[in-house]
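Worksheet for the structure shown next.
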Amino acid sequence: MIIPKANKLDTSQLKEIEAIAADFECSILEIQGRNRCVYAILGDEGREVMFKRIAGLPYIAKVDMIESPYKLMDRRSGLSDHRVRVGQIEVGKDKPFIIAGPCTIDPANPNFYIESAHALKEAGVDALRGGVWKPRTNPYSFQGDNHSLSIILQAREETGLPIDIEVMDSTQLKLALEAKVDVVQVGTRNAQNYCLLKEIGQLTAGSSTAVLLKRGRHMASPNEFIASAEYLVAEGNPNVMLCPRGTTPPLDGYRNHPDESITPLLKNRTWAPVVVDPSHSVGHADFVPACSLASIAYGADGLCIESHIQPAKGIGDDPKQAILPQKVKELVVACNEVWKNRYLP
Ligand code: PEP
Ligand code: MN
């Protein structure tokens with residue numbers, strides 16, 4: 001990781017460093033943070049001579065060799081002071097960052113989505129979620145609909161809130177980026193789809209688009225999760241939020257095995273904000289508030305909660321796990337209280 005003295009290398013400086021790196025079969029990747037650029041060495045960065053030549057250049061402040069499987073996501077990397085913003089908000093700054101909305105947008109009943117969005121704005125959330133395309137276990141279940149994209153765009157227009165949608169392939173990604181969605185969500189099933197992660201990283205590099213990366217439900221270690229995020233950052237987009245959402249096998253009675261407890265581990269290893277999804281974790285509306293509060297106590301920067309004005313009339317996961325916007329409103333207040341009183345190392 002190369003950190004220049006100025007905010008950015010000029011073209012001739014970058015060329016000089018690229019030439020040194022090329023002598024050692026390495027290349028350089030520019031990563032645009034909010035305030036400055038850092039440069040990753042791709043390839044075997046442990047080549048001592050290369051390291052010394054770059055470190056010796058007069059315009060270089062520091063070259064860090066990070067002994068970590070994930071060089072850019074590491075808390076000690078040059079991105080350690082990077083802050084993720086969604087719309088106008090810096091995630092995890094003064095209060096929990098709350099994303100909420102229905103699991104799945106029902107294109108046949110757009111008013112459910114629009115009214116849920118208004119109620120959630122009133123509840124004080126920071127961003128809206130809503131499934132346009134859905135990863136369904138059963139191929140005969142509703143798979144989503146392109147028309148739902150226009151519904152969530154209308155909700156953004158009317159509420160002024162940023163929006164988060166999941167994409168599963170290149171076509172959906174391109175449609176989402178054309179629509180300038182604020183947060184691209186990678187679901188649990190694609191958390192290790194490295195081709196998709198790379199493509200998202202490439203197409204959002206240098207932009208303000210954030211990525212909400214869910215934890216793979218079969219992922220073993222937190223490091224596997226962080227390594228997936230590294231794919232996005234290594235392609236040039238450091239605006240990554242890590243989203244624990246429960247793993248499998250489930251804890252008897254819950255939809256998954258709740259994993260908000262990995263939050264302190266993630267915070268200890270990386271600089272990326274952690275936004276827990278309590279809804280998929282426990283999978284039942286009654287348990288979502290406790291899981292939300294626990295997540296904030298564990299040090300989470302935010303939450304992604306499924307909420308619907310009439311859960312029983314929703315589709316996808318909504319009848320089971322969506323909570324009412326009024327509950328979200330109460331939770332926002334309660335989470336703020338936990339946030340103020342929590343003990344973090
Ligand atoms: C969702 O957010 O509705 C969803 C499908 O999430 P996950 O990928 O965590 O199952
Ligand atoms: Mn869902």
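Ligands are counted one by one from 1 in listed order, and the atoms in each one are counted from 1 as well.
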Ion pair K174/E178, N-O distance below 4.0 Å: no
Minimum side-chain heavy-atom gap I309-H118 below 4.5 Å: no
Short side-chain donor-acceptor distance under 3.5 Å, Y39 and Q13: no
Check ion pair K71-E230 (N to O, under 4.0 angstrom): no
Within 6.0 angstrom of K93 NZ, more than 12 heavy atoms from elsewhere: no
Candidates N256, T188, D259, D277 - the one meeting side-chain hydrogen bond (donor to acceptor under 3.5 Å, both in side chains) with R215: D259
Under the salt bridge (Lys or Arg N to Asp or Glu O under 4.0 Å) test, residues paired with D106 that sit two or more places apart: none
Contact residues of ligand 1, where a non-hydrogen atom lies under 4.0 Å away: C103, R129, K134, P135, E166, Q185, G187, T188, R189, K214, R245, H280, E306
K320, NZ atom: more than 12 neighbouring heavy atoms under 6.0 Å: yes
Tally, protein N/O/S atoms nearer to the Mn ion (ligand 2) than 2.8 Å: 4
Contacts of type salt bridge (Lys or Arg N to Asp or Glu O under 4.0 Å), residue R245, not counting sequence neighbours: none
